[in-house]
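Below is one structure, written out as structure tokens; the observations come after it.
What you see below is based on every heavy atom in this structure, not just the backbone, and it leaves out hydrogens, waters and symmetry mates.
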Amino acid sequence: MCLKSTLSSSTTTAEKATAPPETFKYESSQDIASVYHRMDVIDAKKPAKFGPIAFVASVLSVPIWAIVLLPFTLLASTINFLYFNLGKLFTSNIAAGDDTKNDAKEELSTTQNCEEKVNIIPRDERKYDLVLFGATGFVGKLAVSYLTEEYGINNDKVKWAIAGRSEDKIKATLSAIAQELGKDYDDILDNVDVIIADTSDRSTLKGIVENTRSVASTVGPFQKYGSPLVEFCAKYGTHYADITGEVPWNKEMMRLYEHSAQQSGAKIVSLCGHDSIPWDLTVRYLSNKLREECNDELSQVECLDELVGGVSGGTLATVFESIDRTIKDFQWDSLWKKDDSLDMYQRLPCGSESGNTIVPDLPSTISKCRNPSQRFASKWCGPFFMAPINMAVSGRSVALSQGTNQTVRYREALVAENMMDAFVAWWGTILFGTAAINPVLLPILKKFLPSPGEGPTQSVLNDGFLCISGYGIGENGNEVESVFYFPHDGGYKSTARMLVESSICLATDEDRHENAAGGFYSPASIMCDALLDRLVETGSSFACSVCKSK
């Protein structure tokens with residue numbers, strides 16, 4: 001195990017508020033082993049274990065899946081697909097399906113560009129550092145609690161407000177949070193500014209964006225509810241962060257509004273939660289470490305994920321919405337019409353194509369971990385369903401990085417203690433995915449799943465964790481490793497913290513941003529050092545070191 005530079009959380013809340021972030025980076029003397037020690041021994045985090053009964057049940061379900069569930073799903077899904085799409089074959093728009101959709105999008109963009117020029121308040125003169133939109137949702141509530149505990153209410157540290165559709169729901173949420181936090185927060189109802197807005201009513205969105213430096217949004221599914229807010233932030237020069245994991249939607253927002261953001265100076269940064277800050281920063285720091293200390297360029301990276309946590313109704317709603325959109329937005333000519341357009345994640349701010357790319361090396365089944373580290377010598381690995389999204393976001397940062405014609409092979413896997421646990425996790429994902437695309441089974445499945453606004457219990461949020469062990473190899477054979485540890489549930493409690501710190505970083509740390517210009521960015525490509533410092537100051541641990549130098 002390599003022992004070198006590290007970041008680790010140790011300061012008090014008062015110290016966090018006063019210490020300048022520029023002096024924080026790499027001042028801790030701990031090493032990678034110390035981060036693992038904190039997780040395994042001090043915090044006593046334990047991996048998920050399913051046991052032999054779950055393994056036997058999973059094995060016995062394989063023939064049932066193959067003989068009954070899979071054929072039934074294929075039949076039901078095919079009928080459902082044809083129901084929504086067969087008629088498109090017999091319309092006059094057979095060859096113009098995509099053109100019709102694109103015309104609508106271009107019309108939206110043209111409407112935006114033709115609107116009367118807005119009066120933009122300089123960001124340093126605006127009332128708020130951030131406005132949190134979606135405070136009554138599951139992650140939104142966690143974000144309000146975090147803001148209140150960490151930064152207080154509208155003081156000199158951070159000035160913030162919350163926005164949502166229903167004043168009654170917002171007041172009920174604030175009251176519940178005040179009761180949860182204790183009597184010291186009884187004044188929360190009187191002192192938190194509330195903005196009433198709805199993305200379906202464009203006239204209300206100006207009130208969110210015009211007088212704040214940044215907006216943090218938890219309102220998903222974002223492809224259903226998020227687009228107008230991105231448009232207004234881009235137009236009014238307001239920085240923006242959200243917790244979406246919807247990469248196609250993010251690319252479409254780039255296509256429509258990047259020019260506006262560049263003109264206004266707004267920095268639009270999606271995927272600022274569990275999807276996909278931990279992996280994005282890991283890949284960027286491994287690449288930076290190779291470049292700075294070994295004069296080498298990253299060519300291979302592996303992220304091994306150890307995690308325990310729950311799932312919320314909002315996350316599931318996004319999954320189901322994405323499946324539904326994929327079916328209903330299908331166009332037949334996509335089967336034979338070649339798409340020569342530039343991938344938005346490969347597009348540089350100037351409009352040209354980046355020479356830096358990321359290519360997948362993702363596992364499709366379970367196997368023993370092939371990583372040489374002693375920590376993973378006896379463990380097993382399997383596919384992680386979020387890996388394609390994490391790879392795409394990391395690839396966006398690679399495309400915007402300093403390398404020249406750099407190709408990075410990306411591998412990510414979910415770690416399990418043994419073969420049985422790895423199989424149960426992998427097979428459970430397959431069973432859930434099969435049911436999720438079955439239009440007959442999905443309504444039944446939803447009855448047993450959390451609804452939007454519902455999520456893991458407080459004990460699950462506190463006991464959960466996320467740890468990413470990163471390993472990078474350079475073109476010249478130099479090797480680096482890292483570890484990034486989040487001591488609470490990564491998908492929700494840590495996501496709320498990541499979103500808030502991202503939004504504050506966009507609003508108050510502009511002198512530390514990687515790029516001064518407005519536009520669409522990935523988290524690591526614009527906030528890198530400043531964001532990592534904030535995450536470490538508020539609870540995470542991170543370390544990165546050279547393992548082998550040639």
Does the side-chain contact (heavy atoms from CB on, under 4.5 Å) test come out yes or no for D242 and F133, once each step is laid out? CA-CA 9 Å; D242 65 36; F133 185 55; over 6 Å; no

side-chain contact (heavy atoms from CB on, under 4.5 Å) assessment of L466 paired with D489: CA-CA 7 Å; L466 171 65; D489 174 88; over 6 Å; no

Going through the checks in order, is the side-chain contact (heavy atoms from CB on, under 4.5 Å) test met by S175 and Q179? CA-CA 6 Å; S175 180; Q179 292 179 9; 3.8 Å; yes

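In this structure, the side chains of Y240 and L229 come closer than 4.5 Å at one or more pairs of heavy atoms. Side-chain atoms of M391 and P360, non-hydrogen and from C-beta on, do get closer than 4.5 Å to each other. Side-chain atoms of F138 and P456, non-hydrogen and from C-beta on, do get closer than 4.5 Å to each other. Side-chain contact between F423 and F50: absent, with no pair of heavy atoms (C-beta onward) separated by less than 4.5 Å. Looking at heavy atoms from C-beta onward, M253 lies in side-chain contact with S227 at the 4.5 angstrom threshold.
Atom CZ of F84 is surrounded by more than 12 heavy atoms from other residues, nucleotides or ligands within 6.0 Å. Counting heavy atoms of neighbouring residues, nucleotides and ligands inside a 6.0 Å radius, atom CZ of F81 exceeds 12 of them. Residue R325 places its CZ atom among more than 12 non-hydrogen atoms of other residues, nucleotides or ligands, all under 6.0 Å distant.
Heavy atoms only, all atoms of each residue included: L362 and A387 are closest at CD2-CB, 4.1 Å. Across I268 and A261, no two heavy atoms sit closer than the pair CG1-CB, 4.1 Å. Looking at every heavy atom in both residues, L130 comes nearest to S503 through CB-OG, 3.5 Å. Shortest non-hydrogen contact noted between I437 and S77 is O-OG, 2.7 Å.
The side-chain contact (heavy atoms from CB on, under 4.5 Å) check on L449 picks up L316, F320, F432, L445, with sequence neighbours excluded. A search for side chain to side chain donor-acceptor pair (under 3.5 Å) contacts involving S200 returns D198, not counting sequence neighbours.
With salt bridges taken as basic N to acidic carboxylate O contacts below 4.0 Å, one links R534 and D509. The existence of a salt bridge linking R255 and E252 is confirmed by a sub-4.0 Å separation between a basic side-chain nitrogen and an acidic carboxylate oxygen. R497 has no carboxylate O lying under 4.0 Å from a charged side-chain N of E501, or vice versa, which leaves the two without a salt bridge. Note on K45 versus E306: no salt bridge recorded, every NZ/NE/NH1/NH2 to OD/OE distance being 4.0 Å or above. A salt bridge between D361 and R409 is absent, with no side-chain N of the basic residue lying under 4.0 Å from a carboxylate O of the acidic one. For the pair E258 and R347, the salt-bridge criterion is met [side-chain N within less than 4.0 Å of a carboxylate O]. Electrostatic pairing of K328 and D324 counts as a salt bridge here, judged by a charged N lying under 4.0 Å from a carboxylate O.
For the pair K88 (side chain) and F330 (backbone), a donor-acceptor distance under 3.5 Å is present. Judged by distance alone, the side chain of R411 and the main-chain N or O of V301 form no donor-acceptor pair under 3.5 Å. With hydrogens and angles disregarded, a donor-acceptor distance shorter than 3.5 Å links the side chain of T148 to the backbone of V144. Judged by distance alone, the side chain of T212 and the main-chain N or O of V215 form no donor-acceptor pair under 3.5 Å. S276 contributes no side-chain N or O that, together with a main-chain N or O of W279, makes up a donor-acceptor pair within less than 3.5 Å. Distance alone, capped at 3.5 Å, places no donor-acceptor pair between the S270 side chain and the N250 backbone. Side chain of W332 to backbone of N85: a donor-acceptor contact under 3.5 angstrom is found. Checked by atom type and distance alone, the side chain of T495 never pairs as donor or acceptor with a backbone atom of G273 at under 3.5 Å. With S322 contributing its side chain and T318 its backbone, the two residues share a donor-acceptor pair below 3.5 Å. E321 places no side-chain N or O within donor-acceptor distance of the main-chain N or O of K224, the cut-off being under 3.5 Å.
Because its NZ or CZ atom is both nearer than 6.0 Å to the ring centre of Y345 and within 45° of the ring axis, K251 counts as a cation-pi partner of that residue.
Defined by atom type and a distance below 3.5 Å, a donor-acceptor pair is missing between the side-chain atoms of T173 and T136. With 3.5 Å as the limit, one finds no donor-acceptor pair spanning the side chains of T508 and D129. Under the 3.5 Å distance criterion, with hydrogens and angles disregarded, no donor-acceptor pair is assigned to the side chains of D193 and W160.
Below 30°, between 30° and 60°, or above 60°: for W249 and F222 the angle between ring planes is between 30° and 60°, a tilted geometry.
Taking the ring centroids of F486 and F465, they lie at or beyond the 6.0 Å cut-off. Ring to ring, F542 and Y285 are close: their centroids are under 6.0 angstrom apart.
Evaluation of the side chain to side chain donor-acceptor pair (under 3.5 Å) test over residues 425-441, restricted to residues two or more places apart or in two chains, returns S61-W427, W65-T434, T73-N438.
D280 CG to I389 CD1: the interatomic distance, rounded to the nearest 0.5 Å, is 13.0 Å.
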